[in-house]
There are 2 protein chains.
Amino acid sequence: MEDKRTPRPRSSRKGKGRGVTMETVGRLAGVSQVTVSRALSDPSKVSPATLEKIRQAIAQTGFVPNALAGALATSRSMLISALVPAITNVVYASMVKSFSDRLREQGYQILLSETGFDPLDEEKVIAAHLSRRPDAILLTGIYHSAKSRQMLLGSGIPVVEVWDHTDTPIDICVGFRHAETGRAAADYAVSRGYEAAATISAGDERALRRKDAFIARYTHLTARTVPEINLAGSATLAHGRECLRRLLEERQFRAGVIFCSSDLLAHGVIIEAAAQGLRVPQDIAVIGFGDQEFAADVEPAITTVRVDRDAFGRAAADAVLARLDRRDTGGHAIDLGFKIVRRGSA
Amino acid sequence: MEDKRTPRPRSSRKGKGRGVTMETVGRLAGVSQVTVSRALSDPSKVSPATLEKIRQAIAQTGFVPNALAGALATSRSMLISALVPAITNVVYASMVKSFSDRLREQGYQILLSETGFDPLDEEKVIAAHLSRRPDAILLTGIYHSAKSRQMLLGSGIPVVEVWDHTDTPIDICVGFRHAETGRAAADYAVSRGYEAAATISAGDERALRRKDAFIARYTHLTARTVPEINLAGSATLAHGRECLRRLLEERQFRAGVIFCSSDLLAHGVIIEAAAQGLRVPQDIAVIGFGDQEFAADVEPAITTVRVDRDAFGRAAADAVLARLDRRDTGGHAIDLGFKIVRRGSA
DNA sequence: CTGTTAGCGCATTCAA
DNA sequence: TTGAATGCGCTAACAG
């Protein structure tokens, strides 16, 4: 860890000679620009002697190749776009991480942006990304505006839609069926024999779809109505606590199981229950979603829906790589499924 | 939310005519390429009539400008690099979010990568990023390899180092003094009169620096030794729980305050304490770090060191923008400080 | 208001 | 093994 700090030489060198190019390096090494290019892309095509001279010239000048120019010349940017609703949400962040780890191995870089949950915001982001000419693009979810769809198709690059499932993807789809998770949770809840059920859900479309499926199945099986609370905002501990309070006060919910759209909400419910002297799962049982890192380590541990985010990221990356290598396979829609993980909370 | 799904026309159109360019658009609109360029960058310089024709041609072709070519021509990529140790760590993610939100307003995009905690890994990432010719770059921390430093300086672009503090930044530095936070926590611990202290820390350099400062100050003030546990891995709930167990068993720690390098560890300690029938803060008091979103909402709420990550991101962005606008100010080292937030856990 | 001419820095022919 | 020429798609002068 060196730390020889020299205040930067504030050379706002504008006029000319601002960038070290292959031309510069070549001149210094006594060869042409092309040879420098070769030395970098395929050293075996250059004699050891000149190779060495070029190396020195590079070291001396601190030359860093201009990937923009390279991309323009080859029509390969070695850049891959990734669009997620929110980077601060670990669920998406970890998926992107496994996606990008895999691709970085192959020399790609990831251009990451947030889209929020609105298809129209997403549209702008997509346009901005496509203008960088990425070699492929990853999107979260399967609902995109018509214009987005058109741009995507027009770009001619591989498109992966993750974190959901459709039989008619734009190109490739890697994910799971949200409604199924809700139904599975309902089946689980019924099988455990809780006397009542409620839901707490964030406001995004996918969460609502899970919730709706849960309620539909639960009422179908038990003929009981299910009080629900839908947040406008995002899933946080504080919201989880608040929602349990509201459920108990306003909705007259006394006991039973609560299906939450996120482990964070579930955790909040558990904390609030304890604060109110209610026992989990005896009085209030809780089912979360996501199997986040903390889910297994809180007390009681959270029964939840596990989706293998790393697997999504990897599968998405592999699919992209296959396309880029023309080891192409046909219109994909990969359903990686999910699993109900039974733990202490329900 | 449209969803007219048409399986992609697997046109791997390679040969020619693969991209729609300004040339294509111009031809369609009956004007030259330059006019299209003008229409996009400064519509006022083009007559309304031709502007309209160009608009139509663009809509018709689905033209998306090639930002790579633009960047090459202008030497402005409108791209800003951000390097953080780990994107899945909310602490860094939220900082990057506020950074990029601000910059996106100005038309910039963020090229984000993980560096891990090793300066040599960082070095490679820096090189890769600089090859994209970003207009500025954000780094986490103040320790970088000599070569990194050289490349950064050579690039001639604004460089912001965040999340730490030094009086001799490469260019701009926005953050806080880690050692100070450890000392402040020690002072707080002593002022509360706990009979003993211990530390639980993640293995990264900054966390260790906080821990060392805590111990130095605490022993200085009380002449007591401080048992410490340093993790190899990252800060998780599970590790927090495990560390408390080890503290109680191996280190014969019975009661007192524990300074954790992260709120996550602190939360784990609190959970484990409850599981063991220990009261917080009466038996075991806990001080966290970061003031993460959940810190105020667990039971008891976590006393912690608050650093305003959003402010860091914004300040970093503003500094970068000032440089890029030549509203430049001199060698910056902005210390945004921190605050001990007293809550229930200590 | 519009078009022509030059590059931007690199990779890809084709010759030598 | 090396070099000269050409083009990637766009912007920036300069003319008209």
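Order of the sequence lines sets the chain letters (A, B, ...), proteins ahead of strands, with each chain counted from 1.
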The correct set of residues in residues 57-68 of chain A placing a heavy atom under 4.0 Å from DNA chain C is Phe63(A), Pro65(A), Asn66(A)
Starting from C1' on dG3(D), measure out to CZ on Arg27(A) and report it in whole angstrom. 15 Å
Verify side-chain contact (heavy atoms from CB on, under 4.5 Å) between Val31(B) and Val46(B), making sure each step is shown before the conclusion. CA-CA 11 Å; Val31(B) 296; Val46(B) 174; over 6 Å; no
Overall bend of the helix from dC1(C)-dG16(D) to dA16(C)-dT1(D) (five pairs an end, 10° steps) is 30°
How about Ile110(A) and Leu138(A): do any of their side-chain heavy atoms sit closer than 4.5 Å? no
Does a side-chain heavy-atom distance below 4.5 Å link Pro158(B) with Leu324(B)? yes
What residues in residues 123-132 of chain A put a non-hydrogen atom under 4.0 Å from any atom of DNA chain C? none
Residue pairs meeting salt bridge (Lys or Arg N to Asp or Glu O under 4.0 Å), one or both in residues 116-141 of chain B, sequence neighbours left out, come to none
Using the side-chain contact (heavy atoms from CB on, under 4.5 Å) rule, take Ser37(A) and Gln33(A) through it: C-alpha gap first, then chi angles, then the decisive distance, then the call. CA-CA 6 Å; Ser37(A) 174; Gln33(A) 172 264 125; 4.1 Å; yes
Tyr108(B) versus Arg102(B), side-chain donor and acceptor atoms under 3.5 Å: no
Could you check how far NZ of Lys45(A) sits from P of dT12(C), rounded to whole Å? 9 Å
If I take atom CG in residue Asp42(B) and atom C1' in nucleotide dC1(C), what distance separates them, rounded to the nearest angstrom? 12 Å
So Leu72(B) and Asn66(A), do their side chains get closer than 4.5 Å, heavy atoms only? yes
Between Phe99(B) and Ile80(B), does a side-chain contact (heavy atoms from CB on, under 4.5 Å) hold up when you go through it step by step? CA-CA 10 Å; Phe99(B) 180 71; Ile80(B) 290 184; 3.9 Å; yes
What are the two closest non-hydrogen atoms of Ser98(A) and Gly313(A), and how far apart are they? OG-CA, 3.1 Å
Between C1' of dA5(D) and CD of Glu23(A), the distance in whole Å: 13 Å
Where protein sits on nucleotides 11-16 of chain D, one letter per nucleotide: B base, S sugar-phosphate only, - none, heavy atoms under 4.0 Å: BBB---
From CG of Leu72(B) over to P of dA11(C), roughly how many Å is that when rounded to an integer? 12 Å
Under 3.5 Å, is there a donor-acceptor pair between the side chain of Ser113(A) and the main chain of Leu83(A)? no
May I have the distance from Lys53(A) (atom NZ) to dT1(D) (atom P), rounded to whole angstrom? 15 Å
Note, Pro134(B) side chain near Leu111(B) side chain (heavy atom, < 4.5 Å): no
Side chain to side chain contact (heavy atoms under 4.5 Å, CB included) partners for Ile334(B), two or more places apart: Val174(B), His332(B), Leu336(B)
If the cut-off is 4.0 Å, is Ser32(A) near the phosphate of dG3(D), judged by side-chain N/O to OP1 or OP2? yes
Given Ile126(B) and Leu130(B), is the side-chain contact (heavy atoms from CB on, under 4.5 Å) satisfied, shown in steps? CA-CA 6 Å; Ile126(B) 289 176; Leu130(B) 290 183; 3.9 Å; yes
If you compare every side-chain N and O of Thr21(A) against the phosphate oxygens of dC8(C) (OP1, OP2), does one of them come in below 4.0 Å? no
Please assess Lys97(B) against Asp101(B) for the test salt bridge (Lys or Arg N to Asp or Glu O under 4.0 Å), listing each intermediate value before the final yes or no. CA-CA 6 Å; Lys97(B) 177 176 165 48; Asp101(B) 281 352; 3.0 Å; yes
Output yes when at least one side-chain N/O atom of Ser47(B) is less than 4.0 Å from OP1 or OP2 of dC1(C), else no. no
